[in-house]
Amino acid sequence: MAREAAEKPPEEILSLWKREQAQLKALLVEQDTEAWQRDPAFSGLQRVGGVDLSFVKGDSASACASLVVLSYPELEVVYEDCSMVNLTAPYMSGFLAFREVPFLVDAVQRLREKEPHMVPQVLFVDGNGVLHHRGFGVACHLGVLTDLPCIGVAKKLLQVDGLENNAQHKEKIRLLQAEGDTFPLIGGSGTVLGMALKSHSHSSKPLYVSVGHRITLESAVRLTRSCCRFRSPEPVRQADIRSRDYIRRTLGSPRPPTPEQERFRNYPLTFCC
DNA sequence: GCGACAG
DNA sequence: ATCTTGTCGC
């Protein structure tokens, strides 16, 4: 049943989506609202969450949505929720939330109902926050809909509002020396939209951190740093690992290849079709 | 027609 | 996002 997600929505729908983003953006809070966020050691912070979706190969509509909660500062997984979902909306840059966020909200809701004491105090989201075409990326969207503090963490620079992954940008990246080094991502209007962060000493590619909801960029970057064992923040990394594992266990190999098939799997063919 | 394009 | 194993380097 490899259904495809819908094709590109008509302009009419995109207008509705833009209006929705604008309305929800009015509810966005870009300040630290929690005491632990301003504490030098994040005292009072005990649970950090991460969300992610992994896809079934060759099927842009089937995915596993996962929400994990880790203890802080140990960063050990204390809660996991993986569920297969059928996506409706296609992927479009600038509208990622309309594709993924409903399933993430569902996961948060399940957690609130079943184990309210495990609800995370902050959520790391795979994607951007205010570093976005209209200042309202998936991390903001999830943050406002759940009213949880959220941090946007992207692996690639979203080239928006004058930001370009050009030679100068690459040079700034090259200059990031030690783990924790950063440089600001300044939009056309002079606003700091996010921060490029060298999150691991052996990583040449930075992380692009931006405010999701109920946290300042400064706190977001500092917390991201303290949650990175490897390149990506441990909550997001665990959500990623566990969602793909779930797919492997579920649909990975319904029929394991026979040893015979295995031997000839990559045999070079002279004629094809 | 050409470039851009988080996940 | 996914296609993909081993391999070079600290």
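Values reported hereafter were calculated over all heavy atoms of this structure, with side chains retained and with hydrogens, waters and symmetry mates removed. Numbers restart at 1 for each chain; the letters A, B, ... are given by sequence-line order, proteins then strands. As the structure is a computational prediction, the values presented were derived from the model and not from experiment.
Separating the P atom of B/dG1 from that of C/dG6 is a span of 44 Å, rounded to the nearest Å. The separation of B/dA4 from C/dC3, taken at their P atoms, amounts to 26 Å, rounded to a whole angstrom. Using C1' as the reference atom, B/dC5 and C/dT2 are 16 Å apart when rounded to the nearest Å.
We find that CD1 of A/Ile247 is positioned 12 Å from P of C/dA1, with the value rounded to whole Å. To the nearest angstrom, P of B/dG3 lies 17 Å from CG of A/Asn166. Rounded to a whole Å, the CD1 atom of A/Ile241 is 13 Å from the P atom of C/dA1. As rounded to whole Å, 13 Å separates atom C1' of B/dA6 from atom CE of A/Met92. Atom pair A/Asp240:CG and B/dA6:C1' shows a separation of 15 Å (rounding to whole Å applied). A/Arg248 places its CZ atom 17 Å from the P atom of C/dA1, with the value rounded to the nearest Å. Nucleotide B/dA6 holds its P atom 12 Å from the CG atom of A/Asp126, rounded to whole Å. A straight line from NZ of A/Lys156 to P of B/dA4 spans 13 Å, rounded to a whole angstrom.
Ring geometry for A/Phe95 versus A/Trp17: interplanar angle of 30 to 60°, hence tilted. Relative ring orientation between A/Phe98 and A/His141 is described as perpendicular, the plane-to-plane angle rising above 60° on a 0-90° scale split at 30° and 60°.
Residue A/Val138 is classed as a base contact, given a heavy-atom separation below 4.0 Å to a base. A/Asn128 comes within 4.0 angstrom of a nucleotide base, judged by non-hydrogen atoms across all strands. Contacts of A/Phe98 with the nucleic acid, taken as non-hydrogen atoms under 4.0 Å apart, are absent. Among the protein residues, A/Phe55 comes within range of the sugar-phosphate backbone only, with heavy atoms under 4.0 Å from sugar or phosphate atoms but none that close to a base. Contacts of A/Gly94 with the nucleic acid, taken as non-hydrogen atoms under 4.0 Å apart, include base atoms.
Among B/dG7, B/dC5, C/dT2, the nucleotide with an atom closest to any side-chain atom of A/Asp52 is B/dG7. Among the nucleotides B/dC5, C/dC3, B/dG7, the one closest to any side-chain atom of A/Lys57 is C/dC3. Picking from C/dT2, B/dC5, B/dG7 the nucleotide with the shortest atom distance to the side chain of A/Ser93 gives B/dC5. Of the listed nucleotides (B/dA6, C/dA1, B/dA4), C/dA1 has the atom at the smallest distance from the side chain of A/Lys155.
Residue A/Lys205 places its NZ atom among 12 or fewer non-hydrogen atoms of other residues, nucleotides or ligands, all under 6.0 Å distant.
The 5' end of DNA chain C is approached more closely, in terms of each residue's nearest nucleotide, by A/Arg244 than by the other of A/Arg244 and A/His202.
We find that the ring of A/Tyr91 and the base of C/dA1 do not stack by the test of centres under 5.5 angstrom and planes tilted less than 30°.
For the pair A/Asp126 and A/Lys155, the salt-bridge criterion is met [side-chain N within less than 4.0 Å of a carboxylate O]. Using a cutoff of 4.0 Å between basic side-chain nitrogens and carboxylate oxygens, A/Glu171 and A/Arg174 are scored as salt-bridged.
Here the rule is side-chain hydrogen bond (donor to acceptor under 3.5 Å, both in side chains) with A/Asp240, and of A/Gln238, A/Arg242, A/Arg244 only A/Arg244 fits it.
Distances shorter than 4.0 Å separate none of the side-chain N or O atoms of A/Tyr208 from OP1 or OP2 on B/dA6.
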